[in-house]
Protein chains: 2
Amino acid sequence: MPHDPDPSLRLLWRHAAPEQERPRRRGPKQRLTVDEVVDAAIELADAEGLDALSMRGLAGRLGLAAMTLYTYVPSRKDLIVLMVDQALGRTALPELPDEPRRRLELVARVEYDDCRAHPWLLDAAGVRPWLGPNAADRYEWQLTAVDGLGLGDLETDQTVALLVGFAGNIARAEQRVRHAEHESGMTEREWWEANAGTLGELMAGRSYPLAGRVGQAVGEAYQAAGDPARELEFGLARIIDGVLAHAAGTAPRHEPPAPESYHQR
Amino acid sequence: MPHDPDPSLRLLWRHAAPEQERPRRRGPKQRLTVDEVVDAAIELADAEGLDALSMRGLAGRLGLAAMTLYTYVPSRKDLIVLMVDQALGRTALPELPDEPRRRLELVARVEYDDCRAHPWLLDAAGVRPWLGPNAADRYEWQLTAVDGLGLGDLETDQTVALLVGFAGNIARAEQRVRHAEHESGMTEREWWEANAGTLGELMAGRSYPLAGRVGQAVGEAYQAAGDPARELEFGLARIIDGVLAHAAGTAPRHEPPAPESYHQR
DNA sequence: TACTTCTTCGTACACCGTACAGAATTAGTG
DNA sequence: CACTAATTCTGTACGGTGTACGAAGAAGTA
């Protein structure tokens with residue numbers, strides 16, 4: 001017996017066929033629209049994070065009783081799916097430049113900017129990667145950016161995943177620091193100053209020559225410049241170098257290692 | 001007024017100074033050890049995910065009352081921090097090969113394997129990236145792998161982040177599919193078959209030339225081979241190409257500095 | 001023995017998502 | 001018009017969560 005189609009797909013694509021969207025329904029009109037609900041949820045999640053987005057809280061902010069939300073949206077999970085697609089739709093996809101490197105950079109940067117504007121996007125990725133209209137548009141746009149390098153279909157897809165995944169990781173690292181600072185009430189620097197003594201005492205006996213040196217350099221650079229944009233710059237340049245070299249067919253190729261036992265448990 | 005040092009740091013490094021670990025305490029002995037609690041939590045999270053790890057559930061599995069756990073661990077968040085470090089400590093860090101490419105590959109693969117063995121590691125990364133002993137050991141090991149390429153301290157750190165971040169992303173993508181399948185009760189293929197009709201109807205009017213073609217190719221390749229290992233392979237090769245090219249100080253379109261042996265294919 | 005300190009545990013609170021039933025409101029039907 | 005059916009809105013309730021708090025008991029010290 002086959003499965004039923006997913007009802008929330010129609011909700012995701014609710015703007016696709018606006019002709020007969022509302023074929024005159026019986027009961028009272030809805031006070032709000034789904035878009036208004038989702039927009040309010042986005043606003044709330046932007047301000048206070050996905051954890052702080054509760055059905056009761058959102059309903060209260062909208063002047064509704066808690067359960068009323070369920071006439072707009074089947075569940076909190078579905079709401080989040082709608083939020084993702086709606087947030088993606090807010091940024092207009094810029095025109096793609098001609099130069100390949102610029103195109104790939106742009107794919108990563110757009111993703112990075114969105115993940116900074118809506119940090120909860122990174123947490124929401126845990127739910128099903130459903131195809132909403134804006135997600136579909138964006139995927140098509142991303143593929144267009146990578147298309148024409150001479151890669152195969154699979155490699156094109158993997159390149160997109162590589163770029164947006166990396167951009168998301170940079171955003172995630174920033175978000176983690178902000179989150180920790182917000183909830184511990186002290187900055188990264190204050191935390192370190194408060195714990196350096198304890199940590200040094202605990203780590204006595206162990207030696208971390210590289211980690212000590214590198215960690216210090218990273219800490220200084222981070223708090224001095226304060227721009228994790230540099231981090232984006234570096235990794236992005238490496239990735240694009242590698243992709244372009246591969247596309248040009250000039251990258252050195254090696255056999256993958258034997259899959260079993262490159263290290264023991 | 002300066003901040004107090006973080007109490008859970010001592011808990012993280014509880015094995016660091018075992019001499020005077022227990023300076024004769026008064027009340028009854030604890031029935032369990034912190035390690036046993038954390039191990040049970042890891043086991044539970046491995047089996048059912050981080051969401052299913054509740055204090056009551058864990059306590060029940062250990063034969064304790066719920067609140068008793070709080071004599072071992074200050075809070076659920078701290079427990080997760082301990083879980084992360086303890087899980088990291090379970091995999092012995094393999095010896096690093098000589099060839100640079102193999103070293104970088106190994107860094108990514110170890111991370112990938114761990115993220116597959118403990119999928120909740122990816123969710124747990126949301127909490128503070130605290131320095132536990134095993135995390136510190138691993139960081140040092142990762143830096144050692146990248147060291148010697150001629151990169152600066154910052155770039156070395158960023159390269160590590162690039163590799164492990166990528167590996168985590170691949171694992172995350174797999175986990176997402178598994179999670180969706182588990183909770184929807186149908187496989188990716190079944191879902192598609194059930195929703196292809198609806199989706200096609202909804203997407204009428206829009207055209208996704210690339211996404212359609214690529215998506216189909218990806219879907220076939222994915223379900224046919226079932227190996228996301230290929231995805232790891234591809235991105236990893238690009239990243240390492242880019243990093244090594246950069247380390248060699250040569251722009252992407254230059255020859256690599258003739259390693260002793262590499263065969264082209 | 002009495003005191004102190006620690007572990008264990010039951011209860012309680014605030015919050016969460018949401019199932020359910022009833023009241024109010026509107027559109028279609030006679 | 002009245003009547004019915006569908007739909008929105010709402011309050012209450014259930015089972016779940018993390019954890020604050022206080023009581024009870026055990027083990028060490030005086």
Side-chain angles (χ1 to χ4, degrees), chain A residues 7-8 10-11 14 20-38 40-41 44-45 48-83 120 123-124 126-127 183, chain B residues 7-8 10-11 14 20-38 40-41 44-45 48-83 120 123-124 126-127 183:
Chain A
S8 52
R10 303 203 102 90
L11 203 50
R14 64 194 179 281
Q20 48 115 23
E21 201 166 343
R22 287 275 143 187
R24 288 276 192 240
R25 314 175 65 177
R26 284 210 169 162
K29 311 285 188 190
Q30 292 198 134
R31 291 219 273 264
L32 273 45
T33 65
V34 176
D35 292 81
E36 286 172 309
V37 170
V38 176
L44 208 161
E48 317 195 27
L50 205 56
D51 290 341
L53 175 71
S54 72
M55 298 302 267
R56 283 180 240 259
L58 177 59
R61 179 169 294 211
L62 287 169
L64 299 177
M67 291 311 294
T68 308
L69 281 182
Y70 288 89
T71 61
Y72 295 86
V73 155
S75 75
R76 183 173 184 269
K77 269 179 187 156
D78 294 278
L79 170 63
I80 294 177
V81 171
L82 296 180
M83 288 167 61
W120 46 270
D123 309 326
V127 303
E183 107 167 356
Chain B
S8 53
R10 304 203 103 90
L11 201 51
R14 62 196 181 279
Q20 46 117 22
E21 200 167 344
R22 290 274 145 189
R24 286 267 197 248
R25 312 175 68 179
R26 283 215 168 158
K29 311 286 187 191
Q30 292 198 134
R31 291 219 273 265
L32 274 44
T33 65
V34 175
D35 291 83
E36 286 172 310
V37 170
V38 175
L44 208 162
E48 318 195 28
L50 205 56
D51 290 341
L53 175 71
S54 71
M55 298 302 267
R56 284 180 240 260
L58 177 59
R61 181 171 293 212
L62 287 168
L64 298 178
M67 291 311 294
T68 308
L69 281 182
Y70 288 88
T71 61
Y72 295 85
V73 154
S75 75
R76 183 173 183 269
K77 271 179 187 157
D78 294 278
L79 169 64
I80 294 176
V81 170
L82 296 180
M83 287 167 63
W120 46 270
D123 308 325
V127 302
E183 110 168 354

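Naming: A, B, ... by sequence-line order, numbering from 1 per chain.
Contact annotation for B/Leu79: no contact, since no heavy-atom pair falls under 4.0 Å across all strands. Note on A/Leu32: nothing from the nucleic acid sits closer than 4.0 angstrom, heavy atoms only.
Interatomic distance, CD of A/Gln30 versus CD of A/Glu36, reported as 10.5 Å (0.5 Å rounding). Atoms CD1 and NZ, from B/Ile80 and B/Lys77 in turn, are 9.0 Å apart once rounded to the nearest 0.5 Å. Note that CG of A/Leu64 is 6.0 Å distant from CG of A/Leu69, once rounded to the nearest 0.5 Å. Note that CE of A/Met55 is 6.0 Å distant from CG of A/Leu79, once rounded to the nearest 0.5 Å. Residue A/Leu11 holds its CG atom at 4.5 Å from CG of A/Leu82, rounded to the nearest 0.5 Å.
Here the C1' atom of nucleotide D/dA27 and the NZ atom of B/Lys29 are 8 Å apart, to the nearest Å. Atom CD of B/Gln30 is separated from atom P of C/dC9 by 12 Å (rounded to the nearest Å). Straight-line distance from the CZ atom of A/Arg56 to the P atom of D/dT17: 16 Å, rounded to whole Å. Rounding to whole angstrom units, CG of residue B/Asp51 and P of C/dC16 are separated by 17 Å. For A/Lys77 and C/dC16, the NZ to C1' distance is 13 Å, given to the nearest whole Å. Between B/Leu58 atom CG and C/dT8 atom P there is a gap of 14 Å when expressed in whole angstrom units. When rounded to the nearest whole Å, the span between CE of A/Met55 and P of C/dC16 equals 11 Å.
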Inset, instruction - Report the secondary structure of DNA chain C in dot-bracket form, marking unpaired bases with a dot and bases paired to a different strand with |, and treating Watson-Crick or G-U pairs with both distances under 3.5 Å as paired. - result: ||||||||||||||||||||||||||||||
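OP1 or OP2 of D/dT10 lies within a sub-4.0 Å distance of a side-chain N or O belonging to A/Arg31.
The side chain of B/Ser54 lies closest to D/dG18 when the candidates are D/dT8, C/dC6, D/dG18.
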Inset, instruction - Go through the steps for B/Leu62 and B/Arg31 under the test side chain to side chain contact (heavy atoms under 4.5 Å, CB included), then give the verdict. - result: CA-CA 10 Å; B/Leu62 287 168; B/Arg31 291 219 273 265; over 6 Å; no
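Below the 3.5 angstrom threshold, one finds a donor paired with an acceptor across the side chain of B/Arg26 and the base of C/dT4.
Contact between B/Arg76 and B/Leu50 at its shortest, heavy atoms only, is NH2-O, 2.9 Å.
A heavy atom closer than 4.0 Å to some atom of DNA chain D occurs in B/Met67, B/Tyr70, B/Ser75, B/Arg76, these being the qualifying members of residues 60-76 of chain B.
With a 6.0 Å radius and a threshold of 12 heavy atoms from other residues, nucleotides or ligands, B/Asp51 has its CG atom at or below the threshold.
Sorted by first and then second residue, the side chain to side chain donor-acceptor pair (under 3.5 Å) pairs with a member in residues 54-75 of chain A read A/Ser75-A/Asp78; sequence neighbours excluded.
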